[in-house]
Amino acid sequence: MTSLNEQLATLVENYTACDVSDALLKLQKVPEGSAPRAGYLADLTPFSPIVGRNDTARKIAAPATTFKFLNKSDDPPAIAKENPEKHGFPPGRHWVDYVGDFQDADPAKAGSIIVIEQPDEQYCAVTGGIMATRMKVLGIKAAVVGGRVRDLRELQDTELPIWARATSTVGTGAEAKAAVRNVPISIGGVIVSPGDIIFCDPMEGVVAIPRNLLSAVLEAMPNLISMDEQAKEAVAKGMSVTDAFKKFR
C-alpha cells in the first residue's frame with residue numbers, strides 16, 4: 001500500500017494545481033446551484049519566500065491544520081468552549097503555539113500546512129514575522145492565509161512558504177482573534193477540513209484535496225493529462241478546439 005508521504009511526493013513531482021482541479025472537477029459531486037470550485041483556494045498569492053507567482057519556489061503538499069479567526073468582540077463557537085483542549089484556546093497560551101499539537105497527536109501528519117480563515121471584512125494581519133518564525137520552529141511546511149499577513153521581510157527571512165490574499169501594516173489585536181482550531185473552515189467558499197491535503201503550486205495556485213479523494217485524484221490525473229496533450233497536439237496541427245475536445249475529451 002502506498003504511504004501518504006509517497007503519495008504527496010508523487011503529487012508535487014509530477015502534477016500542477018490545475019491538474020488537481022481537473023481531476024476534482026471529474027470526481028466531486030457539486031450540489032445543484034453551487035459553483036464548482038474544484039478545490040481552488042481563490043485569490044491567494046505567495047508572499048514568502050518569493051512574492052508573486054513564480055516557477056522558482058518549490059511545490060509543497062501536506063495535510064491541513066486549520067484555524068478560524070473571528071472579530072475580537074465575538075464569542076468563540078460552542079465547540080471551542082466545550083472542548084478547549086482540542087478546539088479552543090485556553091488562557092495563557094498564544095494561538096500559534098498550538099500549531100504543532102496536531103502533528104504531535106498524529107505523527108503520520110507531521111509537517112502540516114497551517115490554513116487560516118479570516119473574516120473578509122477585516123484589514124488587520126493574522127500572521128506576521130513572529131508567528132512565521134514559530135511555525136518554522138515547530139516544523140510547519142507552509143501557511144495558507146485566507147486573509148492578510150504583514151512583516152514581509154521577516155516572513156521571507158524564515159523561508160517558510162506563505163500564501164495570503166493581501167497584506168496589512170496592522171497587527172492582529174486591532175480587530176481579530178483566533179477563535180477555534182481543528183475544525184472545518186472556509187477559504188473562498190471551499191471547505192477545508194483538518195487532514196485534507198493542501199497543494200501549494202507557486203505558478204498556478206493553491207488547491208485543497210479532500211483526504212478521501214487523494215488516491216482517486218492521483219489515479220485520474222495521468223489519463224486527463226494524456227487527453228489534454230493529445231488535444232493540444234491536434235490543435236497545434238490545425239484542428240479546431242471544438243473537434244479536438246470532441247475527439248480526445
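Excluded from the calculations below are hydrogen atoms, water molecules and symmetry mates; all remaining heavy atoms, backbone and side chain alike, are included.
- Taking every heavy atom of both residues into account, Q118 and R148 meet most closely at OE1-N, 2.9 Å.
- Here R165 pairs with D120 in a salt bridge; the nearest charged N to carboxylate O distance falls below 4.0 Å.
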Inset, instruction - Give the intermediate values and the outcome of side-chain contact (heavy atoms from CB on, under 4.5 Å) for residues M227 and N223. - result: CA-CA 6 Å; M227 289 190 294; N223 187 50; 4.0 Å; yes
Inset, instruction - Report the C-alpha distance between V170 and R150 in whole Å, list the side-chain angles of each, state the deciding distance to 0.1 Å, and finish with yes or no for side-chain contact (heavy atoms from CB on, under 4.5 Å). - result: CA-CA 8 Å; V170 184; R150 71 174 195 167; 5.6 Å; no
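- No continuous path of hydrophobic side-chain contacts links L41 to F47 [ILVMFWY only; heavy atoms under 4.5 Å].
- Open room surrounds CD on E233; 12 or fewer heavy atoms of other groups in view lie less than 6.0 Å from it.
- Within the 3.5 Å criterion, the main-chain N or O of G128 finds no donor-acceptor partner in the side chain of E154.
- Residues L213 and F199 fall within the same hydrophobic cluster, defined by Ile, Leu, Val, Met, Phe, Trp and Tyr side chains chained together at heavy-atom separations under 4.5 Å.
- S215 and Q7 share a donor-acceptor pair across their side chains, judged by distance under 3.5 Å alone.
- Under the 4.5 Å side-chain heavy-atom criterion for ILVMFWY residues, no single connected hydrophobic cluster contains both V207 and I113.
- S168 contributes a side-chain N or O that, together with a main-chain N or O of Y123, makes up a donor-acceptor pair within less than 3.5 Å.
- Using modelled atom types, one side-chain atom of N54 and one backbone atom of G52 make a donor-acceptor pair closer than 3.5 Å.
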Inset, instruction - Give the intermediate values and the outcome of side-chain contact (heavy atoms from CB on, under 4.5 Å) for residues I197 and L4. - result: CA-CA 10 Å; I197 301 304; L4 174 61; 4.1 Å; yes
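- Taking the ring axis of F89 as reference, the NZ or CZ atom of R181 stays within 45° of it and closer than 6.0 Å to the ring centre.
- Proximity of a side-chain donor or acceptor of D196 to a complementary backbone N or O of S193 within less than 3.5 Å is detected.
- The distance from the CG atom of N182 to the OH atom of Y98 is 11.0 Å, given to the nearest 0.5 Å.
- Note that the CD1 atom of I140 and the CE atom of M131 stand 14.5 Å from one another [nearest 0.5 Å].
- The backbone N or O of P222 sits nowhere less than 3.5 Å from a side-chain atom of S226 that would complete a donor-acceptor pair.
- With values rounded to the nearest 0.5 angstrom, K141 atom NZ is found 7.5 Å from R58 atom CZ.
- You'll find the side chain of T172 reaches within 4.5 Å of the side chain of F69, heavy atoms only.
- If you take CZ on R37 and CD1 on I187, they are separated by 12.0 Å, rounding to the nearest 0.5 Å.
- A donor-acceptor contact shorter than 3.5 Å links the side chain of K59 to the backbone of V12.
- In terms of hydrophobic clustering, with Ile, Leu, Val, Met, Phe, Trp and Tyr side chains grouped at heavy-atom distances under 4.5 Å, I198 and I60 are assigned to a common cluster.
- In this structure the side chain of P194 reaches within 4.5 angstrom of the side chain of T66, judged on heavy atoms.
- For the pair E117 (side chain) and V192 (backbone), a donor-acceptor distance under 3.5 Å is absent.
- A distance of 9.0 Å separates CD in Q28 from OG in S21, rounded to the nearest 0.5 Å.
- For the residue pair D19 and T16, a side-chain donor N or O sits within less than 3.5 Å of a side-chain acceptor on the partner.
- The hydrophobic cluster containing V51 also contains L155, counting ILVMFWY residues as joined when their side-chain heavy atoms lie under 4.5 angstrom apart, directly or transitively.
- The CG atom of N14 sits 8.5 Å away from atom CE of M221, with the distance rounded to the nearest 0.5 Å.
- Looking at heavy atoms from C-beta onward, I114 lies out of side-chain contact with T127 at the 4.5 angstrom threshold.
- Looking at S48, its side chain does come within 3.5 Å of a backbone N or O of L160 through a donor-acceptor pair.
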Inset, instruction - Could you give me the CA-CA distance, side-chain angles and deciding distance for V96 and F67, then say whether side-chain contact (heavy atoms from CB on, under 4.5 Å) is met? - result: CA-CA 10 Å; V96 80; F67 290 81; over 6 Å; no
